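Take a look at the structure below.
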Amino acid sequence: MPAEPLPVADSQTPPPAPQPWEAPEVAAAYASLVEQVAKTRPKEDLEPLRRAFERAAYWHRNRKRSSGDPYIVHPIAVAKILDSEQMDMVCLQSGLLHDVVEDEDVSVDEIRRIFGEEVARVVDGVTKLGKIKLANREERQAESLRKMLLAMTSDIRVIIVKLADRMHNLETLESLSRERQERISNETLEIYCPIAHRLGMGKIRAHLEDLAFKYMDPEAYKDILGQLESRRQANVEHLNEIKHAVETKLARENVPARVEGRLKRPYSIYQKLKRQRIVIEQVYDLLAIRIITDSVKNCYAALGVIHNEWHPIMGRIKDFIAIPRPNLYQSLHTSVIGPGGQSFEVQIRTEEMHKVAEEGIAAHWKYKEGRKGDAGDDQRIAWLRHLVEWQKEMNDSQAFMSTLKVELYSEEVYCFTPKGRVIVLPREASPIDFAYAIHSDVGHNCVGSKVNGRIVPLKYQLRNGDVVEIITQSGHSPSKDWLALVKTSRARNKIRHHINATERAKAIEIGEKFLEKEARRLGVQLNRVTRAKLESVAGEYGHSKMEDLYAALGFGRFSARHVLHLLAPDQVPDEEPAKPAPAATPQYTTDNDSDLVIKVKGIDDIMIYRAKCCNPIRGESIVGYVTRGKGIAVHSNNCKNVQNLLYETERRIDVEWARAVAEKFSVKLMVYSQDRPGMLHEITSIFYGESCNIRSVEARLDDKRTDDSAVIDLTCEVKDKKQLEKILAAIRRIPGVRDVERIQ
Ligand code: MN
């Protein structure tokens with residue numbers, strides 16, 4: 001129901017008496033929030049908090065949570081989480097009001113009128129995030145993420161309030177259906193945790209991960225918790241022993257430090273077990289200590305003390321102080337073999353670094369007695385802006401998703417230019433990524449690379465510490481194959497852009513020539529056609545410029561004849577006579593008579609052929625790719641070639657199987673079988689039973705094997721995918737047949 005105005009309007013009016021919608025449990029929840037806030041910020045004026053609470057309680061007065069509690073206890077809990085993160089008053093108010101627009105039909109304008117611009121902006125952003133349903137369909141998910149990014153860039157507090165909201169939802173997930181538990185926990189792990197990570201909010205991320213893990217995979221969660229529990233006593237004792245030893249050694253060397261001992265979190269154990277396929281006993285950083293000291297100098301001093309005492313594990317020493325992570329995280333990491341042969345991990349950092357690691361970007365919005373941090377030049381905000389820029393450029397949701405996934409989930413490798421500049425790249429990045437990270441021209445002109453002084457192929461996967469030198473040659477252009485080698489969105493976009501631009505230029509040239517040739521052949525005098533007429537025809541094809549029409553012609557999207565028909569209907573009839581493509585266009589090759597069984601959605605009069613690489617048959621899901629000058633190649637949806645080709649979305653075209661055509665598709669099969677009498681007969685009778693023609697068959701002994709193995713090559717004609725599958729299943733059932741596969 002739409003909210004009518006609250007009897008008491010704004011801050012000028014005196015505080016009201018308790019309202020009827022304030023149940024005792026609501027009053028108690030609010031009182032505990034006030035108590036907590038008053039403790040954390042004794043000097044803060046709590047009037048704005050009270051106003052937000054009263055409005056929110058009033059607006060939600062008729063709503064209950066699925067647990068049966070009055071709804072307002074949820075926003076109160078969210079505000080409480082935000083307070084324990086010491087967020088500012090705008091965040092607290094927004095936390096209290098975050099669901100009123102979505103659930104109670106309150107307008108953002110009304111929030112703005114009562115609570116001001118900032119609160120309105122945050123609530124609006126959180127509402128937009130709330131509407132986003134991350135369904136499985138990649139397309140919808142991409143769309144949602146775009147909106148999410150936009151909402152986040154309007155004010156980073158949007159994501160902070162959203163994360164607090166999510167945290168409380170996860171804490172109270174018990175009362176929801178299993179299906180919703182799964183959806184919310186997966187969404188948290190796939191989207192919100194990586195975003196929190198990229199924004200440097202380590203503490204919130206860790207908390208969310210462990211909460212979500214419990215619902216994402218309850219079995220594994222129980223298992224890991226059980227294993228940790230059974231070792232708890234031993235682990236705690238061991239940790240205390242290590243902690244004490246570290247404290248003693250540091251004190252002896254006069255390194256001032258606070259030492260914290262901790263156990264690896266359930267979710268990071270889970271990931272480690274899964275990734276490395278090991279058991280919990282093999283996790284060597286199950287126990288970890290953290291040394292927090294006063295200066296960078298003492299960080300390295302502490303590292304020295306640790307390495308002097310215990311043996312470091314090779315390859316585990318990481319200096320994130322010299323080279324911070326992209327989310328600005330800094331620390332020294334090492335793992336050592338501790339007392340009793342038990343290994344443990346050590347993280348060393350200053351207080352300042354500790355704060356950055358725990359809070360990240362949220363630190364800008366901390367309550368600081370009136371002072372506000374400037375988030376403007378933060379690298380993490382810059383990252384977010386980049387993402388938003390990319391998403392503007394990318395029309396294709398598949399491309400956008402893969403970009404985002406790389407950006408959000410990848411771990412980094414740190415490489416160096418020969419002059420020692422650090423280039424941070426995602427894992428498995430190639431020298432091409434490196435080249436583009438330096439400059440787009442270096443990328444475009446890259447012809448080779450040296451890693452640590454040795455020539456390596458461009459497909460080389462860069463490793464931590466590699467010194468990379470790019471060999472360039474001016475005038476060199478990127479190739480399509482590079483798209484399979486690069487991992488960064490920067491390189492991918494630059495390459496794609498470059499290829500599109502050159503291909504388009506070529507297509508325009510070809511399209512223009514092609515139209516001229518066809519015009520000559522059909523006796524149309526193009527030079528008599530006015531520019532205006534040409535442009536109006538281009539318009540009929542949905543192109544605003546003549547150039548675009550030429551490009552489309554060059555890519556084979558339309559036939560030149562049809563364009564000429566529109567230009568000069570008297571001279572060129574609409575119907576294309578049924579005959580092979582004219583000699584003037586030898587690049588048109590449709591050698592396959594069954595092409596007529598595929599239709600381009602919405603367009604007739606277009607050249608189509610089935611791609612030879614995957615040879616799709618009726619029933620398979622297919623996709624069209626507009627080739628230059630050869631019409632449309634139809635590939636099977638899962639053909640590897642087309643996956644690589646379709647980086648250019650404008651060349652993808654929807655195609656479908658035309659109905660009711662009694663057409664046959666030729667398919668090659670290879671049967672691996674025992675060499676026994678009657679085998680061939682049994683196989684061929686299956687085709688006979690299905691009324692399928694066999695065009696050729698050839699049996700031979702398998703020369704790769706010395707036993708009685710035979711191989712039968714067979715070309716047959718089938719109606720569709722279903723029939724083929726039936727035949728394949730029948731062949732597999734023949735005694736002595738070991739395998740049968742379709743050759744593509
Ligand atoms: Mn909520």
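When a ligand or atom number is given, it counts from 1 through the structure's own listing order. Everything numeric here is computed off the predicted structure, so don't read it as measured data.
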> Leaving out waters, which are not shown anyway, how many protein N, O or S atoms lie closer than 2.8 Å to the Mn ion (ligand 1)?
Replying inline: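 For the Mn ion (ligand 1), the figure is 4.
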
Whether [X] side chain and [Y] backbone form a donor-acceptor pair below 3.5 Å:
{"X": "Glu35", "Y": "Leu33", "value": "no"}
{"X": "Gln330", "Y": "Arg349", "value": "no"}
{"X": "Arg231", "Y": "Gln227", "value": "yes"}

>> Show, in sequence, the C-alpha distance, side-chain angles and deciding distance for Asp109 and Ser107, and conclude whether the side-chain hydrogen bond (donor to acceptor under 3.5 Å, both in side chains) test is met.
In response: CA-CA 5 Å; Asp109 283 338; Ser107 75; 5.1 Å; no

> Can you pull the ring pair (Phe, Tyr, Trp, His ring centres under 6.0 Å) pairs that have at least one residue in residues 63-97, sequence neighbours excluded?
Replying inline: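 Every ring pair (Phe, Tyr, Trp, His ring centres under 6.0 Å) pair that includes a residue of residues 63-97, provided the two are not neighbours, is His60-Tyr71, Tyr71-His74, His74-His98, His74-His168.
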
> When rounded to the nearest 0.5 angstrom, what is the spacing between CG in Leu97 and CD in Glu110?
Replying inline: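 Nearest 0.5 Å value for the CG-CD distance: 10.5 Å.
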
